[in-house]
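Here is the structure we will look at, set down as structure tokens.
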Amino acid sequence: MNDLDFMMLAIEEAGIAFGKGEVPVGAILVRGAQVISRAHNLREALKDPTAHAEVLAMREAASVSSDSWRLAGATLYVTKEPCIMCAGAIVNARIARLVYGCSDPKAGGVISLYRIPTDSRLNHCVEVVSGVLEEECAGLLRSFFRERR
């Protein structure tokens, strides 16, 4: 599997969130070629401001990891550019690589507003790949917010 294949899985997760009335963001955490966790936004259902897809995927992966909370060597695929909270968690989890679909000009913590994962002042830097299946990811968000208006 490659970046496109894993992003398609993240889009599937975003679709599940959409069906639940959650902002459609999905995340897949991979180590090597193995999916170690998958999640979607659940802020409304859990009444939890931290229940972003990225955070939920990292929590699940860390809980099943045999060695520690560190997710070294893992790649996180997410449909939308992570916010500053999620970007900070990605750095703290020591994730090696972040691949995301569409940017978030209002809250993006990776490139749009801040550059947290690549900030050399922090204790870890993350390789970032953006724009993977960008239109598909953005389309889900546009459809969701169009229905809400």
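Numbers for residues simply follow the sequence, beginning at 1.
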Listed once per pair and sorted, the ring-ring contact (aromatic ring centres under 6.0 Å, His included) pairs that draw on residues 78-108, sequence neighbours left out:
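Listed by first then second residue: nothing to list.
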Please collect all ring-ring contact (aromatic ring centres under 6.0 Å, His included) contacts where either partner lies in residues 73-99, sequence neighbours excluded, each pair once.
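For residues 73-99: Phe6-Tyr77.
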Can you name the nearest heavy-atom pair linking [X] to [Y], along with the distance?
X	Y	answer
Val30	Gly32	CG1-O, 3.2 Å
Glu60	Ser37	CD-CB, 3.6 Å
Ile95	Val126	O-CG2, 3.4 Å
Leu76	Ala57	CD1-CB, 4.5 Å
Arg38	Glu12	NH2-OE1, 3.5 Å
Ala87	Val110	CB-CG2, 4.4 Å

Assigning hydrophobic clusters by single linkage (Ile, Leu, Val, Met, Phe, Trp, Tyr; side-chain heavy-atom cutoff under 4.5 Å), is Leu98 placed with Leu56?
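No; Leu56 is not reachable from Leu98 via cluster members.
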With clusters defined by side-chain heavy atoms of hydrophobic residues (ILVMFWY) lying less than 4.5 Å apart, directly or transitively, does Ile111 cluster with Val91?
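Looking at the clustering, Ile111 is in the same group as Val91.
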Interatomic spacing from [atom1] in [X] to [atom2] in [Y] - rounded to 0.5 Å:
X	Y	atom1	atom2	answer
Lys80	Ser130	NZ	OG	14.5 Å
Thr79	Asp104	OG1	CG	10.5 Å
Leu133	Asp5	CG	CG	9.5 Å

Tell me which pairs pass side chain to side chain donor-acceptor pair (under 3.5 Å) where either residue lies in residues 110-122, with sequence neighbours left out.
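Side chain to side chain donor-acceptor pair (under 3.5 Å) check on residues 110-122 returns Glu81-Ser112, Asp119-Arg121.
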Test side chain to side chain contact (heavy atoms under 4.5 Å, CB included) on Trp69 and Arg94; report intermediate values, then the result.
CA-CA 9 Å; Trp69 53 266; Arg94 313 300 197 276; 3.4 Å; yes
Indicate every side-chain donor-acceptor pair of residues 138-149 with a distance under 3.5 Å to a residue at least two apart or in another chain.
{"unit_1": "Arg142", "atom_1": "NH2", "unit_2": "Glu135", "atom_2": "OE2", "d": "2.2"}
{"unit_1": "Ser143", "atom_1": "OG", "unit_2": "Gly139", "atom_2": "O", "d": "3.0"}

Just wondering, do Val35 and Met1 contact through their side chains at under 4.5 Å, heavy atoms?
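SC-SC contact between Met1 and Val35 ruled out.
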Side chain to side chain contact (heavy atoms under 4.5 Å, CB included), that's the test. Do Leu4 and Met7 meet it? Break it down for me.
CA-CA 5 Å; Leu4 295 174; Met7 187 60 74; 5.8 Å; no
If you apply the rule side chain to side chain contact (heavy atoms under 4.5 Å, CB included), what do you find for His124 with Leu122, and how did you get there?
CA-CA 6 Å; His124 176 73; Leu122 299 174; over 6 Å; no
If you apply the rule side chain to side chain contact (heavy atoms under 4.5 Å, CB included), what do you find for Leu42 with Asp48, and how did you get there?
CA-CA 8 Å; Leu42 286 173; Asp48 179 354; over 6 Å; no
Donor-acceptor check, side chain of Ser68 to backbone of Arg70, threshold 3.5 angstrom: yes or no?
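Yes, Ser68 side chain to Arg70 backbone: donor-acceptor pair under 3.5 Å.
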N/O donor-acceptor pairs under 3.5 Å from side chains in residues 18-29, not counting sequence neighbours:
{"unit_1": "Lys20", "atom_1": "NZ", "unit_2": "His40", "atom_2": "NE2", "d": "3.0"}
{"unit_1": "Glu22", "atom_1": "OE1", "unit_2": "Arg43", "atom_2": "N", "d": "3.1"}
{"unit_1": "Glu22", "atom_1": "OE1", "unit_2": "Glu44", "atom_2": "N", "d": "3.0"}
{"unit_1": "Glu22", "atom_1": "OE2", "unit_2": "Glu44", "atom_2": "N", "d": "3.2"}
{"unit_1": "Glu22", "atom_1": "OE2", "unit_2": "Ala45", "atom_2": "N", "d": "2.8"}

Output all residues satisfying side chain to side chain contact (heavy atoms under 4.5 Å, CB included) with Met85, sequence neighbours left out; order by chain, then residue number.
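Applying side chain to side chain contact (heavy atoms under 4.5 Å, CB included) to Met85 gives Thr50, His52, Val55, Cys83.
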